[in-house]
Amino acid sequence: INEIGKQSGEVSTVLNLCSEIQRSWLEELFPQDFQSGRETAFDEQKKRVVETIFVRYRDLAIELKENLDVDLDAAAEALAAVIKDGKAKLDKWDSEVDSFIERVRFVASQFPEYEMGAFDEDSKSLLIEQCCHGAKSVRDLKRQDVLPHLKIWFGVEVVSLVESEAPERLRLQNGRTAHVRYEPGGRPILSAKIQELYDLDTTPTLCQGRCKPIIELLGPNRRPVQMTENLEAFWTTSYPNIKKDLKGRYPKHEWR
C-alpha cells in the first residue's frame, strides 16, 4: 500500500497487490462474525429518525439500507432524546402549558389531602415522549399537541379541580373577572385595573379561601402601579396618592 500526497493536501492510496474476497467465502469460514439487524436513530443531517437495515462482518458494513417508514414508538423515543439534549423542541410546549403545570403544583400545595402526584423531571420526559408519538422528524414536532396530552396525563379529576380552584380568570364579588398568574415557587398574582377592583372591600381568595393572591393593580394603560397583599389597606393608604396622580393623567376614566 502506497500513500501519495498531493499539493492540495489530499492523499491517494494505491494498492499494488490486492485480491478479491467474496462474501460467500467469509460466510462459510466465519459465520459467527456476521451480524444483521435494524437500528433506529436520529439522523442529524436529515433532521429525522431513520431506520437502518444492516449486515456487518465484524466492524465492516457489508449492507446498509435506509428506511424512512420507521416504527412510531421507536421514533418517539429517539425524538424525545433529541429534545432532552436541547437539539429540538416541541413548538406547542408554550407558556400555556407551563402555566397549567404551575396551576397543578399550586393546587397540590393547597390541598395536600388529595395526594396529587408530583410532576418531576421523569414525568416530564415520559410526557415529551408521548407528545412525540406520531412524529418522525423535527419538522413534524412543530404540529405535535402538548396541552391535551398533559391534561390526559393528570386525569379528569385533577383537571377539573385545577379549573375550579386555580382558574386563569377569577370571578370577583363585584361581578368582574381578573387574570391570575401562577409563577414557580411563589404565590399567584391577581392582575386587574384599579377600576375593575372597585366595590371590593376584601382581598379575593383562591382554593376555597386557603390562599390570598398578591394583587397587582394596573393603571388605565394596563401597567402595574402597585402590588399589595391587603386590598382593604390599599384603599385607605396607598390609593389616595395614586388616584391623585393617575386622575391627572387619565381624567376621562372613572375615579372614586
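These numbers come from a predicted model, not from an experiment. These values consider heavy atoms only, across backbone and side chains, with no hydrogens, waters or symmetry-generated copies.
For Arg23, the CZ atom counts as densely surrounded, since its 6.0 Å shell holds more than 12 non-hydrogen atoms of other residues, nucleotides or ligands. Counting non-hydrogen atoms of neighbouring residues, nucleotides and ligands closer than 6.0 angstrom, the CD atom of Glu254 exceeds 12 such neighbours. Within a 6.0 Å radius of CG in Asp201, other residues, nucleotides and ligands contribute 12 heavy atoms or fewer. Heavy atoms from other residues, nucleotides or ligands lying under 6.0 Å from CD of Gln22 number more than 12. Heavy-atom neighbours of Arg38 CZ from other residues, nucleotides or ligands within 6.0 Å: at or below the threshold of 12. Counting non-hydrogen atoms of other residues, nucleotides and ligands closer than 6.0 Å to CD of Glu113 gives a total above 12.
Remark: side-chain polar atoms of Ser109 are paired, donor with acceptor, to backbone N or O of Phe106 under 3.5 angstrom. A donor-acceptor distance shorter than 3.5 angstrom exists from the side chain of Asn221 to the backbone of Arg223, with no hydrogens or angles considered. With Arg176 contributing its side chain and Leu197 its backbone, the two residues share no donor-acceptor pair below 3.5 Å. Side-chain N or O atoms of Tyr182 include none that pairs as donor or acceptor with a backbone N or O of Asp98 at under 3.5 Å. For the pair Gln144 (side chain) and Cys131 (backbone), a donor-acceptor distance under 3.5 Å is present. No donor-acceptor pair under 3.5 Å is formed between the side chain of Asp245 and the backbone N or O of Gly248. Ser137 places no side-chain N or O within 3.5 Å of a backbone atom of Lys47 that could act as its donor or acceptor partner. No side-chain donor-acceptor contact under 3.5 Å links Ser160 to the backbone of Val156.
Rounding to the nearest 0.5 Å places CD of Glu63 at 12.0 Å from CZ of Arg56. Put simply, CG on Leu141 and NZ on Lys92 are 11.5 Å apart, with the number rounded to the nearest 0.5 Å. Annotation: the span from Asn67 atom CG to Glu39 atom CD amounts to 13.5 Å, rounded to 0.5 Å. Rounded to the nearest 0.5 angstrom, Lys65 NZ and Thr52 OG1 are separated by 12.0 Å. Separation of atoms CZ (Phe30) and CZ (Arg58) is listed at 6.0 Å; rounding is to 0.5 Å. The line from NZ of Lys243 to CH2 of Trp255 is 9.0 Å long, rounded to the nearest 0.5 Å.
Electrostatic pairing of Glu102 and Arg181 does not count as a salt bridge here, judged by no charged N lying under 4.0 Å from a carboxylate O. A salt bridge does not link Asp140 to Arg48: none of the charged side-chain nitrogens sits closer than 4.0 Å to a carboxylate oxygen.
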Given the rule in the side chain to side chain contact (heavy atoms under 4.5 Å, CB included) test, do Arg256 and Asp199 qualify, once you have shown the distances and angles that lead to the verdict?
CA-CA 10 Å; Arg256 297 185 188 178; Asp199 299 321; 2.7 Å; yes
Under the side chain to side chain donor-acceptor pair (under 3.5 Å) criterion, do Glu232 and Thr202 qualify, and how do the steps go?
CA-CA 6 Å; Glu232 303 96 311; Thr202 59; 5.4 Å; no
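Closest approach of Ala108 to Met116, counting heavy atoms only: CA-SD, 3.8 Å. The nearest pair of heavy atoms linking Ala178 to Ala192 is CB-CB, 3.9 Å.
Under the 4.5 Å side-chain contact rule for hydrophobic residues, Phe154 and Phe111 share a cluster. No chain of hydrophobic side-chain contacts below 4.5 Å, direct or via other Ile, Leu, Val, Met, Phe, Trp or Tyr residues, connects Leu170 to Ile189.
Classified by interplanar angle (parallel below 30°, tilted 30° to 60°, perpendicular above 60°), the ring pair Tyr198/Tyr239 is perpendicular.
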